[in-house]
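What follows is a short report on a single structure.
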Amino acid sequence: VYRVLVGAGALGRLVDDLARGRVGSLPHRPVHAAVVSDSMVAALYGRRLTEALSRAGLRSDLLVFPRGESSKTRETKARLEDRLLRLGFGRDGVIVALGGGVTGDLAGFLAATWHRGVPLIQAPTSLIAMLDASIGGKVGVDHPLAKNLIGAFHPPLAVYADTTTLETLPGPEFRAGLAEAVKCGAMVDAALFASIERDRAALLQREPGAVLRLVLAAARVKAGIVSLDERESGRRLLLNFGHTIGHAIEAASGYRLRHGEAVSIGMVLESRIAVRMGLFGQAGASRIERLLSALRLPTRLSRISLSVGSILTAAGRDKKARAGRTLFVLPSGIGRHAGGRRFSFPVPADLLRRVVSEAVSGYAPRR
Ligand SMILES: NC(=O)c1ccc[n+]([C@@H]2O[C@H](COP(=O)([O-])OP(=O)(O)OC[C@H]3O[C@@H](n4cnc5c(N)ncnc54)[C@H](O)[C@@H]3O)[C@@H](O)[C@H]2O)c1
């Protein structure tokens with residue numbers, strides 16, 4: 001059990017709580033904080049955070065890696081480990097992941113294996129990280145051929161999501177985060193989906209009230225699901241809607257597409273699969289596609305040229321694949337999943353191939 005603190009000024013609270021040794025179940029006041037950030041976030045917020053921690057009497061160091069998904073690798077992790085060793089970072093320290101989902105996954109995995117596990121605090125600064133990646137304890141790195149292939153479960157002591165940091169997040173990154181919120185709504189929370197539809201203009205303008213409401217609602221969905229199914233054996237799989245094809249597109253594109261953008265296209269194609277399997281009505285599928293378009297997210301593969309084969313091969317490496325079959329979680333309505341208690345089920349290979357081929361060739365069936 002851990003606390004997720006969301007709101008303006010959460011980073012200030014993090015400093016106070018750490019200085020008093022009052023973060024989650026931390027057994028003692030940490031002597032050393034290693035703040036891990038990518039190059040962008042380090043420049044914007046990293047130095048400020050380590051200085052504030054030093055003023056509060058904690059030894060603190062900033063560990064920086066080049067920004068981007070291409071840094072979420074075993075190599076970057078090894079370099080950070082070399083740095084921790086040089087700093088003499090021991091079990092009495094705490095790792096703070098300050099940044100987007102890449103930082104959370106990478107620094108989280110670092111914390112999971114350093115000395116067989118040291119305390120971790122998630123301080124997400126991107127929308128994806130605030131409402132999704134920082135919550136749930138899944139950490140890891142990519143393999144050049146498959147996303148998130150190597151990792152662990154390492155829940156944080158606490159999450160501090162300072163929504164003021166979203167002001168500097170580039171527009172496309174912000175919209176990519178909205179895709180994950182749409183996913184939560186589409187799969188498990190019809191009210192959240194409807195509120196995104198209603199607030200879409202305010203969200204695109206990043207009106208603070210609308211953004212705070214969104215982060216709170218989506219983070220609550222994620223936390224609720226994770227607390228029921230920490231090890232991803234059932235309900236948590238629902239959060240993979242759009243991700244089976246999304247991850248495959250992401251990997252096949254050499255990570256040129258943003259995660260949220262790939263998931264947006266993935267949701268459209270997986271909805272289409274659900275419609276063709278007779279599980280989901282066309283009206284629901286169109287509603288998802290319309291909302292993603294209104295949020296200025298990609299819904300087709302036209303911008304990027306990928307081969308059908310490369311996408312299908314990457315999908316075959318999906319972690320949900322069992323006995324050579326790719327498994328999908330599919331909607332049966334807005335806020336409802338198909339498959340009952342099974343959560344995920346196989347999709348015939350020829351249907352998957354057909355839907356991906358249509359998307360690649362730019363053909364979209366009549367709506
Ligand atoms: N562990 C999980 O459960 C989980 C869930 C969802 C996504 N993820 C992972 O999260 C990653 C995607 O997350 P992301 O989109 O945050 O990627 P990211 O960490 O690369 O951040 C995106 C970009 O935004 C910049 N940035 C972040 N915060 C900023 C700020 N406040 N101001 C200015 N720039 C800022 C970063 O420097 C980066 O260039 C993927 O690797 C995905 O697999 C993990």
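Order of listing sets the numbers, starting from 1, for every ligand and every atom in it.
- When heavy-atom distances to ligand 1 are checked against a 4.0 Å cut-off, Leu127 has no atom that comes that close, whether in backbone or side chain.
- Looking at ligand 1, you won't find any N or O of Arg236 less than 3.5 Å from one of its N or O atoms.
- Taking only nitrogen or oxygen atoms, main chain and side chain alike, Thr168 reaches within less than 3.5 Å of ligand 1.
- More than 12 heavy atoms of other residues, nucleotides or ligands shown are found within 6.0 angstrom of CZ on Arg59.
- Contacts of Val139 with ligand 1, taken as heavy-atom pairs under 4.0 Å, are absent altogether.
- Numbered from 1 in the order shown, with element, the atoms of ligand 1 that lie under 4.0 Å from a heavy atom of Asp105 read 1 (N), 2 (C), 8 (N), 9 (C), 43 (O), 44 (C).
- Against a heavy-atom cut-off of under 4.0 Å, Tyr45 is close to the following atoms of ligand 1: 31 (N).
- Electrostatic pairing of Arg48 and Glu51 does not count as a salt bridge here, judged by no charged N lying under 4.0 Å from a carboxylate O.
- Nearest protein neighbour of atom 15 (O) of ligand 1, counting heavy atoms only, is Ile128 CD1, 3.6 Å.
- With hydrogens left out, the protein atom closest to atom 31 (N) of ligand 1 is Thr165 O, 2.9 Å, a heavy atom.
- Applying the 4.0 Å criterion to heavy atoms of Asp132 picks out, from ligand 1, the atoms 5 (C), 6 (C).
- Atoms CZ and CG, from Arg206 and Leu178 in turn, are 9.0 Å apart once rounded to the nearest 0.5 Å.
- Side-chain N/O atoms of His243 and Glu270 include no donor and acceptor closer than 3.5 Å.
- When each atom of ligand 1 is checked for a heavy atom of Pro170 under 4.0 Å away, the hits are 33 (C), 34 (N).
- Atoms of ligand 1 lying under 4.0 Å from any heavy atom of Leu44, numbered from 1 in the order shown and given with element: 32 (N), 33 (C).
- Taking each of Ser134, Gly104, Gly101, Gly151 in turn, the one with a heavy atom nearest to atom 10 (O) of ligand 1 proves to be Gly101.
- What sits closest to atom 16 (O) of ligand 1 on the protein, heavy atoms only, is Ser126 OG, 2.5 Å.
- Shortest contact from atom 18 (P) of ligand 1 to any protein heavy atom: Val102 CG2, 3.8 Å.
- Interface atoms of ligand 1 facing Lys222, defined by a heavy-atom separation under 4.0 Å, are 3 (O).
- Atoms of ligand 1 found under 4.0 Å from any heavy atom of Lys147, numbered from 1 in the order shown, are 40 (C), 41 (O), 42 (C), 43 (O).
- There is no side-chain donor-acceptor pair under 3.5 Å between Glu289 and Ser293.
- Taking the ring centre of Phe109 as origin, the terminal cationic atom of Lys77 falls inside the region bounded by 6.0 Å and 45° from the ring axis.
- Heavy-atom proximity to Glu69, at under 4.0 Å, picks out these atoms of ligand 1: 40 (C), 41 (O).
- Residue contacts with ligand 1: His247 is placed with no nitrogen or oxygen under 3.5 Å of a nitrogen or oxygen of the ligand (distance criterion only).
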